[in-house]
Novice: 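Okay, handing you the structure first.
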2 protein chains.
Amino acid sequence: MDGVLAAAARKEKRVPPGKPTPAQSPANIPGDGTRERILDAALELFGERGLHAASVRDVAKLARANVAAISYHFGGKEELYRAVATYIAGLIGDRVAERAPQVVLSPPPETPEAALAELDIVMETVVDVLVGSEDMRRVARFVLREQMQPSPAFDIIYDSVMQRLHERVCLAFGIATGTDGQSEAVRLRVFLLIGQAIFLRVGEAVVLRRLGLERYDERLLGEVKTMLKQHVRLIVEDLHRSAEA
Amino acid sequence: MDGVLAAAARKEKRVPPGKPTPAQSPANIPGDGTRERILDAALELFGERGLHAASVRDVAKLARANVAAISYHFGGKEELYRAVATYIAGLIGDRVAERAPQVVLSPPPETPEAALAELDIVMETVVDVLVGSEDMRRVARFVLREQMQPSPAFDIIYDSVMQRLHERVCLAFGIATGTDGQSEAVRLRVFLLIGQAIFLRVGEAVVLRRLGLERYDERLLGEVKTMLKQHVRLIVEDLHRSAEA
DNA sequence: TTGACTAAAACAAACGTTTGATCTATATCT
DNA sequence: AGATATAGATCAAACGTTTGTTTTAGTCAA
């Protein structure tokens with residue numbers, strides 16, 4: 001479940017006056033996982049309300065911990081916020097890896113057909129992870145908020161996940177269309193294509209209201225996926241034709 | 001410049017102990033337009049930082065006004081926030097009306113060709129207003145923030161602008177594709193299409209970083225518009241073919 | 001005289017942070 | 001083995017600051 005980055009984050013623990021933890025203290029027993037509960041509660045509230053609107057007292061209450069535990073474990077509110085960022089960078093990486101392993105692990109596709117198939121998987125994954133999954137909802141909110149108002153935490157997520165993923169998708173798009181996957185045009189177009197799905201989360205309130213729904217259900221997400229794959233196919237095929245000419 | 005809604009917002013003024021303003025007091029001269037300066041500063045700071053992160057003291061300072069003037073004119077911070085919402089609802093309406101009058105004023109297009117042309121204009125307008133125009137940047141931020149975290153202010157913007165515009169675009173899309181413009185499928189697809197452009201504002205930080213740019217320039221926006229119109233055309237034509245069969 | 005506004009101060013509430021005591025599992029010593 | 005010391009985790013309480021709001025007094029133009 002845990003990513004490399006999430007694990008790294010745990011080491012960041014503030015060592016009060018004394019010496020650093022002796023390399024591997026086998027998890028301290030008194031009170032179970034307060035640190036993790038705080039991290040989880042912080043993700044929830046920071047994602048829902050943002051850094052300033054969420055108070056450390058509310059975070060502590062949700063985590064069933066004492067307020068002082070936040071300063072104790074993380075150093076302060078801002079450091080907690082950064083810790084959440086590296087925490088979810090790990091979460092996203094893990095989720096993508098288990099949901100679409102070929103995108104992060106396998107070598108890039110070789111034929112346009114295989115590349116198009118990979119793009120289909122990417123679109124489905126984006127919809128599932130970003131819009132569908134209920135437990136990724138707060139993660140998505142946190143990330144979107146960071147995008148609109150980048151803080152130091154933004155670099156953590158960008159460097160470890162976004163840049164890598166976007167690069168890979170551009171590569172596949174280039175192969176599918178027979179064009180240069182490094183070109184500005186391809187990068188831009190990939191953003192536009194993925195932006196379609198992202199808006200479902202950003203503009204959730206408007207979209208649901210206009211559709212007369214309470215929440216996104218399986219039926220609707222299925223329809224969304226079909227549409228997105230159709231859009232991708234139409235655009236890819238058109239570009240492919242142009243590239244051949 | 002001012003819209004009906006922006007004008008209406010001005011009436012909401014808190015009438016301190018005394019009587020309501022006599023219907024049309026011809027602008028009070030002592031200290032010029034403090035109310036408007038506060039409204040403007042609030043839009044700036046609320047858009048940039050959000051409701052909680054922007055303090056009334058900062059708003060007052062930016063507006064070169066006294067803190068007490070906020071309570072005096074609007075009643076309090078939350079009321080000021082709502083006033084900003086109706087203020088920008090007017091701004092957006094005005095901007096759309098001057099940029100693409102046919103979309104809000106003219107009767108719906110009758111031929112698929114005319115409808116497709118209108119969709120092109122819509123996409124260009126969305127890019128120009130939402131992404132291009134520098135003075136609409138803070139407005140876009142305010143609205144996007146509201147979408148992610150709807151407050152009572154959300155209804156103001158939704159009811160007066162979004163619902164109307166989306167309905168009109170769906171109508172055009174239906175005519176262009178020869179399908180029912182009221183259907184859920186069309187509504188959804190229109191959101192997806194517009195979402196492409198909106199992501200350029202939401203994910204501005206990632207997009208600019210990936211493109212190696214400092215800001216969106218005319219050249220890039222031109223390319224974006226070309227791409228979006230191409231996407232729309234491909235999708236519309238495909239749906240049109242399916243509808244005829 | 002009245003309504004719009006400023007300047008400065010005061011206010012209670014909420015905020016992030018710090019303090020000092022307490023608890024408990026473990027390590028050390030006799 | 002049993003007593004003692006140690007150190008990290010947790011707690012309630014208090015600290016100083018900032019917050020939104022209100023008050024008081026005064027200025028200025030219509």
Side-chain angles (χ1 to χ4, degrees), chain A residues 10-39 41-42 45-46 49-84, chain B residues 10-39 41-42 45-46 49-84:
Chain A
R10 221 161 293 124
K11 300 228 179 118
E12 191 192 66
K13 177 183 303 184
R14 183 226 214 182
V15 201
K19 297 259 199 95
T21 318
Q24 82 265 58
S25 68
N28 305 34
I29 334 295
D32 31 353
T34 305
R35 212 194 111 97
E36 276 66 29
R37 287 203 322 276
I38 291 177
L39 216 42
L45 294 184
F46 285 151
R49 313 179 191 170
L51 172 61
H52 293 279
S55 75
V56 290
R57 281 180 171 86
D58 282 348
V59 171
K61 188 182 295 179
L62 185 63
R64 300 190 314 281
N66 192 273
V67 217
I70 290 175
S71 294
Y72 179 78
H73 282 290
F74 300 93
K77 194 190 192 185
E78 304 240 323
E79 284 106 319
L80 170 59
Y81 189 81
R82 277 201 295 275
V84 171
Chain B
R10 223 160 293 123
K11 301 227 178 121
E12 191 193 66
K13 176 185 303 184
R14 186 226 212 181
V15 201
K19 298 258 201 98
T21 317
Q24 83 261 64
S25 68
N28 304 35
I29 314 30
D32 31 352
T34 305
R35 212 193 111 99
E36 277 65 29
R37 287 204 321 277
I38 291 178
L39 217 40
L45 294 185
F46 285 151
R49 311 179 193 169
L51 172 62
H52 293 278
S55 75
V56 290
R57 282 180 171 86
D58 283 347
V59 171
K61 188 182 293 177
L62 184 63
R64 301 189 315 278
N66 192 271
V67 215
I70 290 176
S71 295
Y72 180 78
H73 281 292
F74 301 93
K77 192 191 193 184
E78 304 240 322
E79 284 106 318
L80 170 60
Y81 189 81
R82 278 201 295 275
V84 171

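Values below: every heavy atom of this structure, side chains too, minus hydrogens, waters and symmetry copies. Remember, predicted model here, so these are calculated numbers, not experimental data. Letters go in sequence order (proteins before strands), and every chain restarts at 1.
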Novice: Hey, mind stepping through A:Arg35 and A:Ile38 against side chain to side chain contact (heavy atoms under 4.5 Å, CB included) and telling me if it holds?
Specialist: CA-CA 5 Å; A:Arg35 212 194 111 97; A:Ile38 291 177; 5.9 Å; no
Novice: In whole angstroms, how far is the P atom of D:dT19 from the CG atom of B:Leu51?
Specialist: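 So the CG-P distance, B:Leu51 to D:dT19, works out to 13 Å.
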Novice: Which heavy atom of B:Phe74 sits nearest a heavy atom of B:Glu79, and at what distance?
Specialist: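 The answer is O-CB, 3.1 Å.
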Novice: Nearest-Å distance, NE2 (A:His73) to C1' (D:dA9)?
Specialist: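 Atom-to-atom, A:His73 to D:dA9, this comes out as 6 Å.
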Novice: Whole angstroms only, please: what is the OH-C1' distance between A:Tyr81 and C:dT17?
Specialist: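 Value for this atom pair: 20 Å.
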Novice: Work out how much the helix from C:dT1-D:dA30 to C:dT30-D:dA1 bends between its end axes, five pairs an end, to the nearest 10 degrees.
Specialist: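 End axes: 10° apart.
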Novice: Working to the nearest 0.5 angstrom, can you tell me the gap between A:Glu78 CD and A:Leu80 CG?
Specialist: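 Between atom CD of A:Glu78 and atom CG of A:Leu80 there are 10.5 Å.
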Novice: Measure from CD on B:Glu36 to C1' on C:dA4 and round the result to the nearest Å.
Specialist: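 Those two atoms, CD and C1', are 13 Å apart.
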Novice: Could you give the CD1-to-P distance, from A:Ile38 to C:dG16, as a whole number of Å?
Specialist: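 A:Ile38 atom CD1 is separated from C:dG16 atom P by 14 Å.
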Novice: Under 4.0 Å, counting only non-hydrogen atoms across every strand here, what does B:Ala53 touch: a base, just sugar-phosphate, or nothing?
Specialist: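 It contacts nothing in the nucleic acid.
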Novice: Among C:dT17, C:dA4, D:dA9, which is the nearest nucleotide to the side chain of A:Tyr72?
Specialist: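 Selected nucleotide: D:dA9.
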Novice: Strictly below 4.0 Å, heavy-atom distances to any atom of DNA chain D: list the hits from residues 58-70 of chain B, or just say none.
Specialist: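 Nucleic-acid contacts, sorted: B:Val67, B:Ala68.
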Novice: Which donor-acceptor pairs under 3.5 Å do the side chains of residues 51-68 of chain A make with protein atoms, sequence neighbours left out?
Specialist:
{"from": "A:Ser55", "atom 1": "OG", "to": "A:Asp58", "atom 2": "N", "distance (Å)": "3.1"}
{"from": "A:Asp58", "atom 1": "OD2", "to": "A:Arg49", "atom 2": "NH1", "distance (Å)": "3.1"}
{"from": "A:Asn66", "atom 1": "OD1", "to": "A:Ala68", "atom 2": "N", "distance (Å)": "2.9"}

Novice: Counting only side-chain heavy atoms from C-beta out, which of C:dG3, C:dT17, C:dT6 sits nearest to A:Val56?
Specialist: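 Taking heavy atoms from C-beta onward, the closest nucleotide is C:dT17.
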Novice: Polar atoms only, N or O, under 3.5 Å: list the protein pairs with nucleotides 12-14 of chain C and their distances.
Specialist:
none

Novice: Rounded to the Å, how far apart are B:Arg49 CZ and D:dT19 P?
Specialist: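 In whole Å, D:dT19 P and B:Arg49 CZ are 10 Å from each other.
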Novice: Supply the atom-to-atom distance B:Leu39 CG to B:Thr34 OG1, rounded to the nearest 0.5 angstrom.
Specialist: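 The distance works out to 12.0 Å.
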